[in-house]
2 protein chains.
Amino acid sequence: MKRINIKDVAKEAGVSISTVSRVINKSAPVKEELRKKVEEAIKKLEYKPSIVARSLRKGKAKTIGLVIPDITDPYFPHIVKGIEDYLKKEDYTLLLSNSGQDLEQETKIIETFESNHIDGVIFIGSGLTNPYLKHLKERGIKVVYLDRILKGIDVSYVVSDNKQGMHDLLQYLYDTNHRSFHFVNGNENTFSAQVRYEAFAEFMEKNNIKSYKHIYSCFSYDAGYQYGKEIDLKKLPDVIMGGNDLIAYGLMDALDERGVKIPDDVSITGFNDIPFSRHYKPSLTTVRQPIYKMGYTAANLIIQIINSDGPVFKGIVLKTELIVRNSTRRRD
Amino acid sequence: MKRINIKDVAKEAGVSISTVSRVINKSAPVKEELRKKVEEAIKKLEYKPSIVARSLRKGKAKTIGLVIPDITDPYFPHIVKGIEDYLKKEDYTLLLSNSGQDLEQETKIIETFESNHIDGVIFIGSGLTNPYLKHLKERGIKVVYLDRILKGIDVSYVVSDNKQGMHDLLQYLYDTNHRSFHFVNGNENTFSAQVRYEAFAEFMEKNNIKSYKHIYSCFSYDAGYQYGKEIDLKKLPDVIMGGNDLIAYGLMDALDERGVKIPDDVSITGFNDIPFSRHYKPSLTTVRQPIYKMGYTAANLIIQIINSDGPVFKGIVLKTELIVRNSTRRRD
DNA sequence: CTGTTAGCGCATTCAT
DNA sequence: ATGAATGCGCTAACAG
């Protein structure tokens with residue numbers, strides 16, 4: 001029941017605690033003989049250094065906090081996995097918390113994180129803005145935004161190239177004779193939705209397309225489903241684009257229930273390429289984001305920042321990939 | 001950059017650090033006047049108590065470690081959410097780690113957890129056995145198993161009633177005239193697969209069904225897909241049951257590609273009712289596990305155990321629910 | 001190369 | 001009701 005500590009090990013090995021510490025951390029040379037003794041003692045007592053004590057002493061906890069909107073959304077688990085995998089390599093601990101996109105929740109989470117002496121925070125797709133960031137900076141806590149860029153402030157980020165991805169998708173649609181577009185986008189207050197809208201609007205403009213419609217809704221199955229239920233079937237466009245794959249699923253299901261054939265009557269597209277999209281019926285044409293890699297990269301970046309002395313601000317943009325499947329077809 | 005500590009607050013408020021501590025923890029009465037001063041100082045300095053220091057001092061970190069096979073499997077995120085939601089209410093911190101079902105990984109994770117002074121560990125669907133548990137018990141670290149029962153040892157657990165669920169499913173199939181069964185089960189070394197097999201075998205026995213086949217494979221889409229690709233179409237049974245929903249998906253897709261109509265030519269069933277099964281084409285007949293609730297309950301249980309003095313061993317079995325959808329139909 | 005010692009921030013005796 | 005002093009387990013500065 002009692003915790004084995006460094007003192008116990010020192011006594012067992014017949015050395016001082018500093019020697020034990022040196023062996024553990026390889027922070028200074030120790031004579032072979034003593035080193036062996038210490039290692040044996042550690043093994044014998046099953047000693048595990050207290051990270052808590054170490055953190056207190058060093059003022060660093062080797063811990064990264066992760067704020068995520070909702071782990072239940074199939075887009076996020078792969079990101080988390082990516083983050084975790086990298087962090088593990090660096091012997092960092094991961095603190096995870098779901099914010100539900102709620103600013104108040106987010107604030108509470110950060111406070112808890114701060115109490116835990118975290119070294120850095122990765123925010124995923126969050127709405128968090130300036131006031132808090134300043135506070136974190138003052139406390140020396142590093143920040144990386146994932147899947148979002150904060151305008152006007154120097155905060156490092158990792159995103160995928162939403163704009164290019166959206167452009168590729170639109171270009172493909174255009175090349176396959178799609179001339180009228182609906183875009184059922186996600187939450188207006190998110191970076192992803194905004195960037196995708198910008199790319200969309202730009203494309204319409206450039207190609208002089210007048211027949212289009214854009215609405216912000218919500219990044220969920222239900223949002224797509226509802227739109228699919230309400231749209232006027234007599235005025236179906238060539239393609240209805242979902243702000244993400246979930247919206248596209250909802251769209252397809254609702255239309256299917258109303259007897260609309262996909263892709264025969266209308267093309268449907270998504271965004272993200274979550275693992276299921278390949279298996280959906282019909283399989284979904286979408287834009288793949290390198291989800292796992294985004295997580296991995298963000299973790300890498302924050303560790304880099306933590307390990308550097310001066311302030312570092314770095315933005316990383318990852319490539320997307322157009323994935324054409326069976327929910328779209330060339331229009332006549 | 002410097003951390004505000006209890007001393008700073010004490011100085012600001014003009015009291016001793018013990019008084020500040022008392023105010024924060026309500027551990028002893030403090031005169032109204034001083035209390036106010038302290039609270040103001042805390043607010044002014046934006047003081048956040050160091051959980052690290054507190055943990056070191058108290059020997060308890062108010063932290064729960066979670067070992068999960070793979071956050072990327074759609075079955076788990078809801079469990080994690082359930083755990084997190086409960087833990088948050090109790091002001092506990094969650095440490096998350098993916099084990100990939102690998103015993104060595106698991107061992108490393110536990111060691112890290114232990115270094116972090118965790119109070120308890122929740123294992124999800126893990127294969128971890130005796131040797132480690134004993135070690136944890138010696139260290140006073142509480143353990144709860146989720147989705148798995150360890151035989152012969154006193155370890156608390158939360159599971160859903162796999163046996164009853166399987167029975168309900170089979171009874172439904174039997175009542176709708178299914179008389180020949182294939183069961184493509186998951187990994188043999190998992191609790192879930194074993195229990196489901198037992199229920200299956202028992203049912204075959206009781207109802208004197210001779211026409212059945214059971215194999216252990218792997219809880220994945222690919223496992224189901226492969227089986228669906230290889231099965232002899234001339235000897236299709238009335239129903240092919242998947243060990244979980246993912247297997248069922250793979251089964252359906254492979255059969256579909258080979259021109260087999262579901263449920264017309266063969267019924268397909270799953271297990272778990274992950275959120276997508278409702279939307280699959282065809283929608284999947286399956287057994288719903290109360291996924292979120294299992295997580296929530298496990299978190300509740302471990303806190304209960306931690307807060308009790310003596311050793312507590314408690315097994316909680318949650319109810320499952322048969323969900324009949326369109327991947328099955330009455331046989332003629 | 002090794003040992004002694006201070007102090008990280010806090011909760012908790014023990015005095016008063 | 002309040003303050004002073006101790007120590008949780010560790011690392012780093014210092015002394016040898």
Side-chain angles (χ1 to χ4, degrees), chain A residues 1-39 41-42 45-63 91 111-112 114-119 139-140, chain B residues 1-39 41-42 45-63 91 114-119 139-140:
Chain A
M1 197 73 189
K2 175 192 173 294
R3 224 195 142 80
I4 303 292
N5 62 28
I6 198 170
K7 227 168 157 179
D8 300 324
V9 177
K11 196 187 291 174
E12 174 74 29
V15 299
S16 75
I17 59 168
S18 4
T19 301
V20 177
S21 177
R22 283 177 191 121
V23 171
I24 294 169
N25 301 300
K26 302 181 177 43
S27 51
V30 173
K31 213 183 265 173
E32 180 65 17
E33 191 196 330
L34 292 189
R35 206 174 47 71
K36 268 205 171 146
K37 272 193 196 165
V38 170
E39 277 164 358
I42 288 177
L45 302 178
E46 299 186 46
Y47 168 66
K48 314 267 184 314
S50 161
I51 293 188
V52 172
R54 183 182 293 167
S55 300
L56 182 60
R57 175 63 233 248
K58 312 228 301 188
K60 300 263 166 200
K62 287 200 96 170
T63 297
D91 268 320
E111 283 175 3
T112 304
E114 214 183 319
S115 287
N116 278 289
H117 294 210
I118 54 158
D119 306 288
R139 291 286 175 276
Chain B
M1 196 71 189
K2 175 193 172 295
R3 224 194 141 80
I4 302 292
N5 62 27
I6 199 169
K7 227 168 159 180
D8 300 322
V9 176
K11 196 186 290 174
E12 175 74 28
V15 299
S16 75
I17 60 167
S18 348
T19 300
V20 176
S21 177
R22 283 174 192 124
V23 170
I24 294 169
N25 301 300
K26 301 181 182 40
S27 53
V30 173
K31 216 184 266 174
E32 180 65 17
E33 192 196 328
L34 291 189
R35 204 173 50 69
K36 268 202 169 151
K37 271 194 198 165
V38 170
E39 277 162 359
I42 288 176
L45 301 179
E46 299 185 45
Y47 168 67
K48 312 267 186 313
S50 161
I51 292 188
V52 173
R54 184 181 291 168
S55 299
L56 182 59
R57 175 64 233 251
K58 311 228 300 189
K60 300 263 164 200
K62 288 201 91 170
T63 296
D91 269 320
E114 213 183 319
S115 286
N116 278 288
H117 295 211
I118 53 158
D119 306 289
R139 291 286 176 275

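Please read all numbers here as calculations on a predicted model, not as lab measurements. Protein chains get the first letters and strands the later ones, always in sequence-line order, with residue 1 at the start of each.
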Exercise. Walk me through it: do A/V38 and A/V15 pass the test side chain to side chain contact (heavy atoms under 4.5 Å, CB included)?
Key: CA-CA 8 Å; A/V38 170; A/V15 299; 3.9 Å; yes
Exercise. Take B/K36 and B/E39 through the salt bridge (Lys or Arg N to Asp or Glu O under 4.0 Å) test and state the conclusion after the steps.
Key: CA-CA 5 Å; B/K36 268 202 169 151; B/E39 277 162 359; over 6 Å; no
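Side chain of B/S115 to main chain of A/K48: no donor-acceptor pair is present (N/O by atom type, distance under 3.5 Å, no hydrogens or angles). A/S27 places no side-chain N or O within 3.5 Å of a backbone atom of A/N25 that could act as its donor or acceptor partner.
Between the CG atom of A/N116 and the C1' atom of C/dC10 there is a distance of 14 Å, rounded to whole Å. The distance from atom CZ of B/R35 to atom P of D/dA1 is 13 Å, rounded to the nearest whole Å. Taking atom NZ of residue A/K60 and atom P of nucleotide D/dA12, one finds them 13 Å apart after rounding to whole Å. Between the NZ atom of A/K26 and the C1' atom of C/dC1 there is a distance of 17 Å, given to the nearest Å. Rounded to an integer number of Å, the gap from B/I51 CD1 to D/dG9 P is 19 Å. Remark: P of D/dA12 and CG of A/N25 are 7 Å apart, rounded to the nearest angstrom.
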Exercise. Summarise how protein sits on nucleotides 2-9 of chain C as a single string, 5' to 3': B when a protein heavy atom is under 4.0 Å from the base, S for sugar-phosphate-only contact, - for no contact.
Key: BBBBBBBB
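Between B/R139 and A/I4 the shortest side-chain heavy-atom distance falls below 4.5 Å.
Not counting sequence neighbours, the partners of A/K7 by the side-chain contact (heavy atoms from CB on, under 4.5 Å) test are A/N5, A/I17.
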